[in-house]
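Notes to accompany the following structure.
Read the numbers this way: they start at 1 and go in the same order the structure lists the ligands and their atoms.
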Amino acid sequence: MEDKKVQILIIDLGSQYTQIIRRSLRYLGFKSVILSPEKSLEWIKNNNPKGIILSGGSASVYDVDAPKIPKEVLDFNTPILGICFGMQWIAYMNDVNTIHAVKEGKSYGPVEINFDQNNKSVLFENLKEHINAWSSHGDSVSSTPSQFKITATSKNNSVIEAMECVDKKLWGVQFHPEVEQTEDENIILNNFAEKICGCVKDYSRKDLIREIGDYTEKELGNGIAIIGVSGGVDSTTLAAILAPKLKEKLKAFFIDTGGMRKNEVEKVKDIAIRAGIDLQIIDKYKEKFIKEVGTTIDAEEKRARFREVYGEVFQDVAKNFNATHMIQGTLATDLIESGSAGGSALIKTHHNVDLDLGLKEISPLNDLFKFEVRDLAKEFGLEELVAKRQPFPGPGLYLRIIGIPVNEELLEIVREADYEVTEILKKNGVYNKIAQTIVALLGVKTVGVKGDGRVYGYTLVVRTVETTDFMTVKGFYLTPAICEEISSALVKHPKIVRVMFDWTTKPPATTEFE
Ligand code: XMP
């Protein structure tokens, strides 16, 4: 099968949303590529794209060190959509004589966009008269160059939100149509690609799966790769994609860390069989994990120790298989949160990001987002894995014993409590509406009374949240009846005297307790 042709070139001008433009186009069925301004000209000459998108960026067009888009990009007669900085650059290039083509005036956050009904742009076909959109800019265009017309403004007309010159095949939007907060359901990018550029929707999840396989095969060459499969959607889907392609060159294994959910090992084995993955279960390091992680109560130190043992196990496994490469199911969001992408800050050390094991790393999913991986999982009949299981962190139950050293007994309490809560939520028909459920044990003792006797025992906290991408979350509120059912079930354990519920948003609270 031939590779699908790239139809749209995205020129990256430094926006934090550039990847999201590509993701949205992929979702709509159009293949695109992201390139720096320096590489763009040569690429356009050789590949003749149907459309070009100029991303946003934090610079001002007047800055000496602003990204330098070659102005010859305008000479190809190819439709161009400039977003934010991209639009300002178009204004600037078409009206260099107007010194204040672009003015300062910061705007971050939601903005109501009014589309000019007399000058209705093809770009905004099938949209309502007004939409709420996301803006994030320092400068904006103060007056349009001659030949351009204004097609949208902000509510009080203070900002030119869109302009175009159809004859020159140039369109600009000041707001960000690519992000979720803009309520356009991707119609604007779809109109640009389909109606303006004449692109065809020919990029399916099968193409993406094939590309992931081809890319990994090429990177691996004659090497042997290990892949840790956690039973989570990312690593399992990736192993399912690669197993038929790499055959015996792929060694898939599951590490039982001792911090797994109840029946986890059996479930993961099941999933692997269904996905066609030949999976080895490695459980001889359980005690080592508990012993090493249990020596601290500090959240980051715990993760560091977990990561250390995890790394050692990986190294052992790699040696046994004579591996040359390690394949990771790391996603775009993991890299953002662990501070490995762009200039984002470290929130939590992830146990599997930047593990230096002396093996070459291949991360074929690192420009994909969670919902896309869930979509790919469907291709392998892994719906149950996708629809019925909530995410679970690599360090597992170790992150759910707070303020007290982890030991086998406490692990068993949270494991059993997690199972009971899950069953109650399923029985009440809400489990699938919740993005993640966390049941954690707080290591502070409080007084309780059981069977007429005083008990000095622990507290379990139940946290249920909603989200699409885990970058932000909000509480999923349970009904009083469900809360009561959960607390009655959990206090049956002799060492538990209280149950609390936590629906704090992220930020400031993270999803997990540590
Ligand atoms: P936070 O707590 O950062 O969690 O809001 C966001 C999502 O990431 C999961 N998580 C982890 N996953 N290793 C993982 O594999 C980790 O160290 C880790 N920490 C958090 C968390 O369960 C939630 O789904």
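With Q436, R303, Q390 as candidates, the residue nearest to atom 23 (C) of ligand 1 on a non-hydrogen basis is Q436.
Salt bridge status for K31 with D202: absent, with no side-chain N to carboxylate O gap under 4.0 Å. Using a 4.0 Å cut-off between charged side-chain N and carboxylate O, K319 and D316 make no salt bridge. Comment: K269 does not engage E266 in a salt bridge, judged by the lack of any side-chain N to carboxylate O separation of less than 4.0 angstrom. At a threshold of 4.0 Å, the pair R23-E372 does not count as salt-bridged, since none of the basic side-chain nitrogens sits closer than that to a carboxylate oxygen.
Counting the atoms of ligand 1 from 1 in the order shown, those under 4.0 Å from a heavy atom of K506 are 1 (P), 3 (O), 5 (O). Listed by number with element, the atoms of ligand 1 under 4.0 Å from a non-hydrogen atom of E512 are 2 (O), 20 (C), 21 (C), 22 (O). Ligand-side atoms of ligand 1 in range of P395: 13 (N), 16 (C), 17 (O), range being under 4.0 angstrom from any heavy atom.
At least one N/O-N/O distance between G394 and ligand 1 falls below 3.5 Å. At under 3.5 Å, a nitrogen or oxygen of T511, whether backbone or side chain, sits near a nitrogen or oxygen of ligand 1.
Of all the heavy atoms of S230, none lies under 4.0 Å from any atom of ligand 1, so neither backbone nor side chain is involved.
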- Message: Before you tell me yes or no, could you show the steps for K251 and D278 under salt bridge (charged side-chain N to carboxylate O under 4.0 Å, His left out), namely the whole-Å CA-CA distance, both residues' side-chain angles and the distance that decides it to 0.1 Å?
- Response: CA-CA 8 Å; K251 309 292 179 194; D278 177 17; over 6 Å; no

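A donor-acceptor contact closer than 3.5 angstrom links the side chains of T504 and D502.
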